[in-house]
Amino acid sequence: MSTPVVTRFAPSPTGFLHIGGARTALFNWLYARRHNGKMLLRIEDTDRERSTQAAVDAIIDGLTWLGLTWEGAPISQFQRAGRHAEVARQLVAMGKAYYCYCTAEELTEMREHAKANGLPPRYNGQWRDRDASEAPAGVAPSIRIKAPLEGETVIEDGVQGTVTFPNKDLDDFIILRSDGTPTYMLAVIVDDHDMGVTQIIRGDDHLTNSARQKIIYDALGWEMPKVAHIPLIHGPDGAKLSKRHGALGVEAYRAMGYLPVALRNYLVRLGWAHGDAEVLSTDEMTALFDLEGIGRSPSRFDFVKLENLNGLYIRQTPDEELLDHVVKLLDYIPQGPELRAKLNDKTRAQMLAAMPGLKERAKTLLELIDGAGFLFSSRPLAYDDKAQALLDAAGKATLAAVLPALAALPEWKAEAIEAVVRDYATAAGLKLGKVAQPLRAASTGRAMSPPIFDVLAILGREEALGRIGDAAA
RNA sequence: GCUCCCAUCGUCUAGCGGUCUAGGACGUCGCCCUCUCACGGCGAAAACACCGGUUCGAGUCCGGUUGGGAGUGCCA
């Protein structure tokens, strides 16, 4: 066997785990599992200004909810700053990097000047070959890598193929800040190396960074892990993902009532395909996932398709499990506490009994909860407009007419109720719908619900007859 | 501006020179089922961005145009 596969997910804790990050994590997770390797989690918190513990927690919470697991404890990049600085100094000692005494102001000016003259905004290398004795007093230097001036840097990318960058476009970028902390470029390569990462899978926005990182790897004489850059996810309008559409934290998807399994399935198919396979269990996607199947163009996030998939998984999930999902979701939605208060053995059993009818009609857990509303409402019911319309004079008359037969039922079961209602409809010369709809309005307050005979049975004789009586009056 | 990447139905995609009168899925529109809404079943409309090459033959290869995207920080 060759060396074991090690992947990593390396988010920066400056916000929640957004959908693009979630997909990157999923791909890394899948790739590692596919190759019997492991995925590591590294928190890129070297930006002390913007990194927060709340964001770290949100990322871990998001990954956990999505069912993505990693090996060992999350690694804090910041805590490895000493090691990064050591490598930077080593590079200077090797003559592969140098101290730069330019101030931030000088650099900004340099960039603006270049821009104004239509030139690429690059560092001019003014300290590249200067002796340290020329250093101005009182200026803390940063360390810059000596990037090759000529030739080209070639990246063999698992998704993008061979990508070539002219070295003249890559400047001597900073690897260690003047305050002694590492920049992303250095920290990433040192950590990936030390962690034994063999395959990097990350967003397309890092493609050009690969060229810079290759320069550091080469300077150090280290072998660069294999890289694969996956295209970014765009919003439905093709523009960058904004908060309006998909750039929500995964916890937002949880609150919208999506199932982790559905989100995983949706995400894996966004930018990756294996023939015509659309619905993939986690085991199936693990067995099938490969870099070759990843497309090279950015894809748009489509909530409608996610919903369809979610509905499919809801229907496929066993009733008890679904109920568990619903109960857990209560912690994350506004109406949660109120519903939780109404949840007891009886309503729980009712909900379970109603589940087959409920889950067929819901695309999200939220819709499922909404559909179960009739179980939690109490008399007198509030009727929505359509229900109200159903309960006109004719509707009320019909209800009043079936009520006695219903009340006389020896056994309160769906089949028995159905038989009585059908008999009545036939006798009265009415289509079944003419009787069923008023019953539905009376018992649920709405014009749509699971099959009405099931609804009445689950409600229980007393409650059902009470509601019908209320509406008939 | 410069560098790099991308381009098949509205969307996600299959396609890896002939089997493509371009397939699947979501969505849309019909029809069926039916106590409502769904589910399910059947069917329909819907795409190779454009222009040049290469080739006996191009959605598939090459170049250009146009259109998207990313990068260009002492952010990651």
Side-chain angles (χ1 to χ4, degrees), chain A residues 10-14 44-47 49-51 77 100 102-104 107-108 111 114-115 117-123 140 142-144 155 157 159-161 163-166 168-171 173-179 181-185 187-188 203-209 211-212 229 231-232 234 236 238-240 266 269-279 292-293 295-302 304-309 311 315 357-363 371 386 390 418 421-422 425 431-437 439-441 444 446-453:
Chain A
S12 58
T14 53
E44 312 232 311
D45 50 0
T46 51
D47 183 348
E49 303 276 299
R50 300 194 297 156
S51 299
Q77 187 159 67
C100 167
C102 289
T103 62
L107 260 17
T108 307
R111 252 192 307 278
K115 227 170 201 169
N117 290 306
L119 295 167
R122 262 182 243 113
Y123 175 66
S142 57
I143 295 181
R144 311 188 86 113
I155 298 297
D157 191 280
V159 171
Q160 310 292 344
V163 187
T164 306
F165 298 91
K168 62 176 174 58
D169 295 319
L170 272 12
D171 65 358
F173 54 93
I174 291 173
I175 56 176
L176 197 75
R177 299 186 187 104
S178 51
D179 65 359
T181 60
T183 60
Y184 165 78
M185 228 54 85
V188 166
D204 222 355
D205 47 341
H206 288 293
L207 184 57
T208 46
N209 287 339
R212 291 175 225 284
H229 290 88
L232 271 16
H234 289 174
K240 204 174 146 185
Y266 177 71
R269 281 287 292 102
L270 193 60
W272 174 85
H274 183 84
D276 285 340
E278 296 283 350
V279 180
E292 292 71 44
R296 263 135 306 194
S297 55
S299 36
R300 304 182 185 202
F301 193 89
D302 182 5
V304 180
K305 188 152 187 176
L306 205 211
E307 278 203 351
N308 170 271
L309 229 26
R315 270 172 264 135
L358 252 22
K359 69 183 183 185
E360 204 166 87
R361 270 154 264 265
K363 286 194 160 46
K386 284 177 182 164
L390 251 14
E418 176 164 3
V421 173
R422 281 191 188 274
K431 287 180 122 177
L432 186 56
K434 283 292 178 192
V435 186
Q437 281 303 80
L439 279 172
R440 189 183 317 276
T444 68
R446 299 186 183 183
M448 297 171 286
S449 84
I452 185 59
F453 309 116

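Letters A, B, ... mirror the listed sequences (proteins, then strands); counts begin at 1.
Using a 4.0 Å cut-off, some side-chain N or O of A/Arg422 falls inside it from OP1 or OP2 of B/C35.
Nucleotide B/C20 has no partner under the Watson-Crick or G-U criteria, as no pair reaches both atom distances under 3.5 Å. Pair assignment for B/U55: none, as no Watson-Crick or G-U wobble contacts are both less than 3.5 Å. Searching all strands for a Watson-Crick or G-U wobble partner of B/U60 with both distances below 3.5 Å returns nothing. B/G43 is paired with B/C29 under the criterion used here, namely a Watson-Crick or G-U wobble arrangement in which both key atom distances are under 3.5 Å. B/G71 is paired with B/C2 under the Watson-Crick or G-U wobble criterion, all donor-acceptor distances under 3.5 Å. Here B/U65 sits opposite B/A49 as a Watson-Crick or G-U wobble pair (both hydrogen-bonding atom distances under 3.5 Å).
Residue A/Tyr266 contributes atom OH, which lies 8 Å from atom P of B/C12 at whole-angstrom precision. Spacing between atom CZ of A/Arg361 and atom C1' of B/C35 amounts to 11 Å, rounded to whole angstrom units. In this structure, the CZ atom of A/Arg212 is 10 Å from the C1' atom of B/G73, given to the nearest Å. Distance A/Phe301 CZ to B/C12 P: 12 Å, rounded to the nearest Å. Between the C1' atom of B/G27 and the NZ atom of A/Lys363 lies a distance of 11 Å, rounded to the nearest Å. With rounding to whole Å, A/Asp302 atom CG is found 9 Å from B/G27 atom P. In this structure, A/Met448 atom CE and B/C37 atom P are separated by 8 Å, rounded to whole Å.
With hydrogens and angles ignored, no donor-acceptor pair closer than 3.5 Å exists between the side chain of A/Arg296 and the base of B/C5. The base of B/G23 lies close enough to the side chain of A/Asp276 for a donor and an acceptor atom to sit less than 3.5 Å apart.
Nucleotides B/C31 and B/A45 are separated by 15 Å at their C1' atoms, to the nearest Å. Comparing the C1' positions of B/C20 and B/A58 gives an interatomic distance of 11 Å, to the nearest angstrom. To the nearest whole angstrom, the two C1' atoms, one in B/U13 and one in B/G59, are 14 Å apart. For the C1' atom pair drawn from B/A76 and B/G64, the interatomic distance equals 36 Å after rounding to whole Å. Taking the P atom of each, B/G10 and B/G53 are spaced 29 Å apart, rounded to whole Å. Only the P atoms considered, B/U11 is 16 Å distant from B/A46, to the nearest whole Å. A distance of about 15 Å separates the C1' atoms of B/C6 and B/C48, rounded to the whole Å. Atom C1' of B/A25 sits at a distance of 30 Å from the matching atom of B/C61, rounded to the whole Å.
Counting any heavy atom pair closer than 4.0 Å across all strands shown, A/Lys168 reaches no nucleic acid atom.
Side-chain proximity of A/Glu44 to B/A76, B/C5, B/U13: nearest is B/A76. Side chain of A/Phe165, nearest nucleotide from B/C12, B/C4, B/A76: B/C4. Of the candidates B/C5, B/U36, B/C12, the closest approach to any side-chain atom of A/Glu278 belongs to B/C12.
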